[in-house]
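Have a look at the structure below before the remarks.
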Amino acid sequence: MVTIELAAQPLIVAEPNRSATWQQNKWLLAGFGAWFALMGGTFAALGLWVILPFAGLEIAGLGAGLYAVCWKLNHRHVLRFHGDTLTIEKGVYRPRQIWHFPRAHTALAVTPPRHPWDTIKIVVCGPWEDVPVGDFLDQADSKRLLDALRGQGLTVRSYSPAGRIEV
């Protein structure tokens with residue numbers, strides 16, 4: 001998902017699409033926990049108490065998996081344009097990596113997809129370092145990010161080694 005705010009200081013936020021929030025995942029986990037407790041209690045009442053630890057392990061595994069996926073989907077790339085400076089921030093919940101580029105000496109390197117299901121690869125190329133952005137986006141969001149970056153005056157340095165391919 002790409003969010004664009006055009007104000008005095010433009011801001012572009014790229015983050016993965018999420019099908020459920022952590023709150024929704026907790027409700028799902030509570031529903032499965034109640035079901036497993038009911039089934040485990042029924043089996044324990046029938047004398048098959050050995051099923052109870054396994055029901056607890058299933059809930060713990062499901063919770064760990066849901067948490068890991070939810071955490072991974074909170075990864076964000078924030079691109080801020082301050083006059084003649086481009087700032088790129090990457091991280092989960094807060095910026096963990098920050099780059100500053102002079103806007104006049106910054107360009108985009110775009111690699112087209114090799115397979116129809118792949119997305120374009122966008123790399124912000126500065127004078128000192130190259131930073132890939134939006135590598136978790138789908139095709140439509142990748143094109144939207146590229147259009148937004150072009151709209152901020154960043155030029156596309158190359159499309160592919162074989163020549164210009166329209167994206």
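Quick note: numbers below take in every heavy atom, side chains included, and nothing from hydrogens, waters or symmetry partners. Source: prediction; values computed, not measured.
Note that OG1 of T3 and CZ of R76 are 8.0 Å apart. Values are rounded to the nearest 0.5 Å. Remark: N25 CG to S19 OG distance equals 7.5 Å, nearest 0.5 Å. Atoms CD and CZ, from E129 and F101 in turn, are 5.5 Å apart once rounded to the nearest 0.5 Å. Here CD of Q9 is found 9.0 Å from OG1 of T87. Values are rounded to the nearest 0.5 Å. Note: L145 CG to L137 CG = 6.0 Å, rounded to the nearest 0.5 Å. Rounded to the nearest 0.5 Å, atoms CG (L149) and OG1 (T155) are 11.0 Å apart.
Follow the hydrophobic side-chain contacts under 4.5 Å out from I4 and you never reach V78; the two are in separate clusters. Hydrophobic clustering (ILVMFWY, side-chain heavy atoms < 4.5 Å, transitive): W27 and L73 are in distinct clusters. Taking hydrophobic clusters as Ile, Leu, Val, Met, Phe, Trp and Tyr residues chained together by side-chain heavy-atom distances below 4.5 Å, V156 shares a cluster with F81. Linking Ile, Leu, Val, Met, Phe, Trp and Tyr residues whenever their side-chain heavy atoms come within less than 4.5 Å leaves V2 and V92 in two separate clusters. By the criterion of side-chain heavy atoms lying less than 4.5 angstrom apart, applied directly or through intervening Ile, Leu, Val, Met, Phe, Trp or Tyr residues, V69 is not grouped with L29; the two fall into different hydrophobic clusters.
For the pair Q24 (side chain) and T21 (backbone), a donor-acceptor distance under 3.5 Å is present. Side-chain N or O atoms of Q139 include one that pairs as donor or acceptor with a backbone N or O of P116 at under 3.5 Å. At least one donor-acceptor pair under 3.5 Å links the side chain of R103 to the backbone N or O of Q152.
L154 places a side-chain heavy atom less than 4.5 Å from the side chain of L86. Proximity of K90 to W99: side-chain heavy atoms (C-beta onward) are separated by under 4.5 Å at one or more points. Contact check for D130 versus V124: no side-chain heavy atoms found under the 4.5 Å cut-off.
Residue H82 qualifies as enclosed at atom NE2: its count of foreign heavy atoms under 6.0 Å is above 12. For CZ of F136, the number of neighbouring non-hydrogen atoms (other residues, nucleotides, ligands) closer than 6.0 Å is greater than 12.
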Test log, rule side-chain contact (heavy atoms from CB on, under 4.5 Å), inputs N74 and R18: CA-CA 9 Å; N74 280 315; R18 289 189 275 286; 3.8 Å; yes
field: Working for side-chain contact (heavy atoms from CB on, under 4.5 Å), residues V13 and L79
entry: CA-CA 6 Å; V13 179; L79 294 93; over 6 Å; no
message: Would Y93 and W71 count as a side-chain contact (heavy atoms from CB on, under 4.5 Å) here? Give the steps.
response: CA-CA 9 Å; Y93 301 120; W71 181 83; 3.5 Å; yes
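Centroid-to-centroid, the aromatic rings of Y67 and W22 come within less than 6.0 Å.
Under the 3.5 Å distance criterion, with hydrogens and angles disregarded, no donor-acceptor pair is assigned to the side chains of H100 and T85.
Shortest non-hydrogen contact noted between H75 and P16 is O-CD, 3.0 Å. In this structure, N17 and M1 approach most closely via the heavy-atom pair OD1-N, 3.1 Å. Scanning all heavy atoms of the two residues, the minimum distance from G134 to H77 falls at N-ND1, 3.0 Å. When all heavy atoms of P127 and H105 are compared, the pair lying nearest together is CD-O, 3.6 Å. Considering all non-hydrogen atoms of both residues, E89 and I98 come closest at CG-CG1, 4.0 Å. The two residues P113 and I120 make their nearest non-hydrogen contact at CD-CG2, 3.5 Å.
With F36 as the partner, the side-chain contact (heavy atoms from CB on, under 4.5 Å) test is satisfied by one option alone out of L52, I59, L62, L57: I59. Considering I88, V123, I12 as possible partners of V133, the one that fulfils the side-chain contact (heavy atoms from CB on, under 4.5 Å) test is I88.
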